[in-house]
Amino acid sequence: MAKFLTNRDENYAKWYNDLVIKADLAENSAVRGCMVIKPYGYAIWEKIQAELDRMFKATGHVNAYFPIFIPKSFFSKEAAHVKGFAKECAVVTHYRLKNDENGKGIVVDPTAKLEEELIIRPTSETIIWNSYKNWIHSYRDLPILINQWVNVVRWEMRTRLFLRTTEFLWQEGHTAHATREEAIEETERMINVYADFAENFMALPVVKGYKSENERFAGAIDTYAIEAIMQDGKALQAGTSHFLGQNFAKAFDVQFTDKTGKLDYVWATSWGLSTRMIGALIMAHSDNHGLVLPPRLAPIQVVIIPIYKSSEQLLKINETAKKIKSGLETIGISVKYDDKDNNTPGWKFADYELKGVPVRLAIGPRDLEHSTIEVARRDTLKKETIAIASVNDYVIKLLDEIQSNIYLKANEFRKQNTFYIDKWDDFVDTLNNKGGFIMSHWDGTAETEERIKEETKATIRCIPFDAAEEDGKCIYSGKPSKKRVLFAISY
RNA sequence: CGGGGUGUAGCGCAGCCCGGUUAGCGCAUCUGGUUUGGGACCAGAGGGUCGCAGGUUCGAAUCCUGCCACCCCGACCA
C-alpha cells in the first residue's frame, strides 16, 4: 500500500488528485485553472498523440494549423455555436503594455485597444470554415480532411487537473464533404476510431452513442460520443464526433458546384479528443498503489532494478542488466534501467508502482548465480522468477496479457456497474447508493431529461448505437419509449 | 458569484485560543559512515520577508482591520 497516497475508497477525488501530483504527471500552475503537464504526464500524451495521429492518417486525414485567435465577428455567425461558448471565452482586447506612469510595474496601454477583439479559440470551427470558404469551389476540392493538434481555452468556473482546466490540449478534426451521407459516414468513422483507440490502446471499454439534444455540441446537428465508466461509478465523455450538417457552411457561405453544375452548401464534421483522456486513464485503472498504465500507453514499459551489496556485485549486475535491456529494446519494448544508488530497491519498487510501469524486473546476486530474474507485473502485483534466457519471450507475452487483463477488468467493472432499471424509485436509489451506468427508457423529450437532471443530477450520457428495440415506458414520465438510453452522473 | 476551510523552510505540519529569549518537528536536500531481495540507519550541516499591507503594544507568527491566493462544496462545462 502506498503510504503517501490517499485511499481510493475513502476519498476518490483526493486519491485522484494525489495520484496526479505524486506520480508526477502534472501540477497546478501560477495561472489560476491552468496546469503544468510534467514530463511523465506529457510522455503519456505523446503516446496518445502518436497512436491517434497514425490512425487519423490511416483514415486519410492530414494535419494543419489554424490561428489561436478568432475575430469576435466570426464567432457570432453561427447562432447556436455562440450561445454554447459565449460564457467561457477569453478575449484579447489590447496589444501593448507600457510602464505605469506612477512608476510601479507595468500596465495595459489604453491607447492600444484592438479595433476588433479577438477570442482565444475554445474550438476552431469558425476560423477554419472562414478559410474553407476560400479553398472550396467545386466538388473536386472535396473532401477536405484536416486535423490539428492544439491548445484551446475555455474559461471554466471550477477546474481539476486533466479533467477540466482552463487551457487544455487536444486534437480537433474538421472535415468538409460534398454530401450529407459522406459527412455522416465520416462522423461515424471517427467515433469508431476513438472507440477503437480507447479500447485497444487505453484498455478503456466505452459505450458509443448519440448525444441527446441537451448534450449536443453547440452548432451540431448530431453529436456522437464515447462514454467510459470511472471506478467511482461516474461517467466520463472520452471523445466526441459531430455531424455539423450545413450549419457552418451557411454561416460562412461556403458553397461548391456539384457534378451537375448546381450550387450547394458544403457538409461538415468535427471531432475532438483531449488531455482529459489522461484523467480517464487514471480513474479507470489505477489503485491504491498508484497508476496502472496499459502497456501500449506506458512511456516506460519495463523497469529493471538492480539489487546489490558490494560495488563488485553491482558491476556484474550492470553487465547482465544492460544485456537484458538492449535485448528487450531490439524487440521494441521501452526499458529503463534504474541503477541510481540514492534509493533502496524497496523505495524504487514502490515508486515505479506509483508511476504505473507495467513490468518490473529485479536482479540481484542470487539471480546472477542461477541466471534468473524476478518479474513483477503492475496490474496484479504478482511476482515470478524466470530464467534470464527466456526474458524476451516472457516479457512480450506478459505485456500483452497485462494489456488485455486491464481491459477485461475494466470491462467487468462496467458490467457490474451497469443497471437496467424500470422503476423511478430504483433509479434514484441506485444513483444515490451505487452510481454507475443506468439503462432506462426515456420518452425522448428535453423536458423530461431536464427534470431528471434537476432531481438526480444524472444526465443522458448517450443513446447507445446498439440499443435494442424494445417497448417500454419512460422512467420518469411513463410515456412509451422504444429503447433504453444511458444515464449517469458525469464528470 | 454564494457557503466552508487553509496560508509558517522545497513538501507535510505544530505553535496562534492565553503576545514575551535565538520560531519548532517530520520528510526531502548536502557531508561522512554503515546499508541495499518491499519506501534503511547513525552522526553532522544548510535552508524562513511566519501570504501581503496597515494598526494595537515596550514587544506580534500569535490580537485588530483591509486585501490577496489556494483548496473543498454548489450554479456552468470536454
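Values below: all heavy atoms of this structure, side chains included; hydrogens, waters and symmetry mates excluded.
Under a 4.0 Å N-O distance rule, the pair A:R216/A:E213 does not qualify as a salt bridge. The existence of a salt bridge linking A:R189 and A:E186 is confirmed by a sub-4.0 Å separation between a basic side-chain nitrogen and an acidic carboxylate oxygen. Salt bridge present: A:E215 and A:R461 bring a charged side-chain N and a carboxylate O closer than 4.0 Å.
Counting non-hydrogen atoms under 4.0 angstrom, A:S311 reaches nothing in the nucleic acid. The residue A:Q237 sits close only to the backbone: its heavy atoms come under 4.0 Å of sugar-phosphate atoms, none of a base. Among the heavy atoms of the strands, none lies under 4.0 Å from A:L273. Across all strands shown, A:K211 has no heavy atoms under 4.0 Å from either base or sugar-phosphate atoms. Among the heavy atoms of the strands, none lies under 4.0 Å from A:Y491.
For A:K309, whose side chain is taken as the heavy atoms from C-beta onward, the closest listed nucleotide among B:G37, B:U36, B:G39 is B:U36. Of the candidate nucleotides B:G38, B:G39, B:C76, B:G39 has the atom nearest to the side chain of A:D351. Comparing B:G38, B:G37, B:C76 by their closest approach to the side chain of A:P365 singles out B:G37. The side chain of A:E353 approaches B:G38 more closely than any other nucleotide in the set B:G74, B:C76, B:G38. Among the nucleotides B:G37, B:C76, B:G39, the one closest to any side-chain atom of A:A362 is B:G37.
One C1' atom belongs to B:G3, the other to B:C11, and the distance between them is 30 Å to the nearest Å. For B:G10 and B:G47, the P atoms lie 12 Å apart once the distance is rounded to whole Å. Across the C1' atoms, B:G51 and B:G74 are found 27 Å apart, a figure rounded to whole Å. When the C1' atom is compared between B:G26 and B:A14, the two are found 10 Å apart, to the nearest whole Å. With both ends at atom P, the span from B:C50 to B:A60 equals 12 Å, rounded to whole Å. Taking the C1' atoms as reference points, B:C18 lies 27 Å from B:A9, given to the whole Å. Nucleotides B:G7 and B:G12 are separated by 11 Å at their P atoms, to the nearest Å. Comparing the C1' positions of B:C17 and B:C1 gives an interatomic distance of 33 Å, to the nearest angstrom.
To the nearest angstrom, P of B:G2 lies 12 Å from CE of A:M157.
A:D222 pairs by the salt bridge (Lys or Arg N to Asp or Glu O under 4.0 Å) definition with nothing, not counting sequence neighbours. Remark: A:E27 pairs with A:K38 by the salt bridge (Lys or Arg N to Asp or Glu O under 4.0 Å) rule, at least two apart or across chains. Shown here are the salt bridge (Lys or Arg N to Asp or Glu O under 4.0 Å) partners of A:D53, two or more places apart in sequence or in another chain: A:K57. Residues satisfying the salt bridge (Lys or Arg N to Asp or Glu O under 4.0 Å) criterion with A:D379, sequence neighbours excluded, are A:R377.
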Between protein and nucleotides 4-10 of chain B, what N or O pairs are separated by less than 3.5 Å?
none

Write out a two-atom table: protein N or O, nucleotide N or O from nucleotides 68-72 of chain B, distance below 3.5 Å.
{"unit_1": "B:C70", "atom_1": "OP2", "unit_2": "A:R32", "atom_2": "NH1", "d": "3.0"}

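Ring centroids of A:F66 and A:W129 are separated by 6.0 Å or more, keeping the two rings apart. Between A:Y132 and A:F252, a ring centre-to-centre spacing not shorter than 6.0 Å is recorded. Two rings, from A:F217 and A:H81, have their centers less than 6.0 Å apart.
Across all strands shown, B:A40 forms a Watson-Crick or G-U wobble pair with B:U34, both key distances being under 3.5 Å.
Residue pairs satisfying the side chain to side chain donor-acceptor pair (under 3.5 Å) criterion with at least one member in residues 308-322 of chain A, sequence neighbours excluded, are listed as follows: A:N318-A:Y337. Sorted by first then second residue, the salt bridge (Lys or Arg N to Asp or Glu O under 4.0 Å) pairs that include residues 286-295 of chain A, not counting sequence neighbours, are A:D287-A:R378.
Contact of A:K457 with B:G74 (side chain to base): no donor-acceptor pair of N or O atoms is detected under 3.5 Å.
Ring orientation note: the planes of A:W267 and A:F243 are close to parallel, at an angle under 30° on the 30°/60° scale.
Contacts with RNA chain B (heavy atom under 4.0 Å) in residues 40-56 of chain A: none are found. Scanning residues 300-308 of chain A for heavy-atom distances under 4.0 Å to RNA chain B yields A:I307, A:Y308. Of the residues in residues 338-350 of chain A, those lying under 4.0 Å from RNA chain B by heavy-atom distance are A:T344, A:P345, A:G346, A:W347, A:F349, A:A350.
The closest side-chain heavy-atom distance from A:I438 to A:F427 is below 4.5 Å. Side-chain atoms of A:E125 and A:L244, non-hydrogen and from C-beta on, do get closer than 4.5 Å to each other.
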Output side-chain donor-acceptor pairs under 3.5 Å for residues 196-204 of chain A, partner residues at least two apart or in another chain, one line each.
{"unit_1": "A:D196", "atom_1": "OD1", "unit_2": "A:N200", "atom_2": "ND2", "d": "2.4"}
{"unit_1": "A:E199", "atom_1": "OE2", "unit_2": "A:V206", "atom_2": "N", "d": "2.9"}
{"unit_1": "A:N200", "atom_1": "ND2", "unit_2": "A:D196", "atom_2": "O", "d": "3.3"}

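Cation-pi check for A:R360 over A:F349 is met; the charged atom lies under 6.0 angstrom from the ring centroid and within 45 degrees of its normal.
In summary, the side chains of A:E449 and A:S212 do present a donor paired with an acceptor at a separation below 3.5 Å, with no hydrogens or angles considered.
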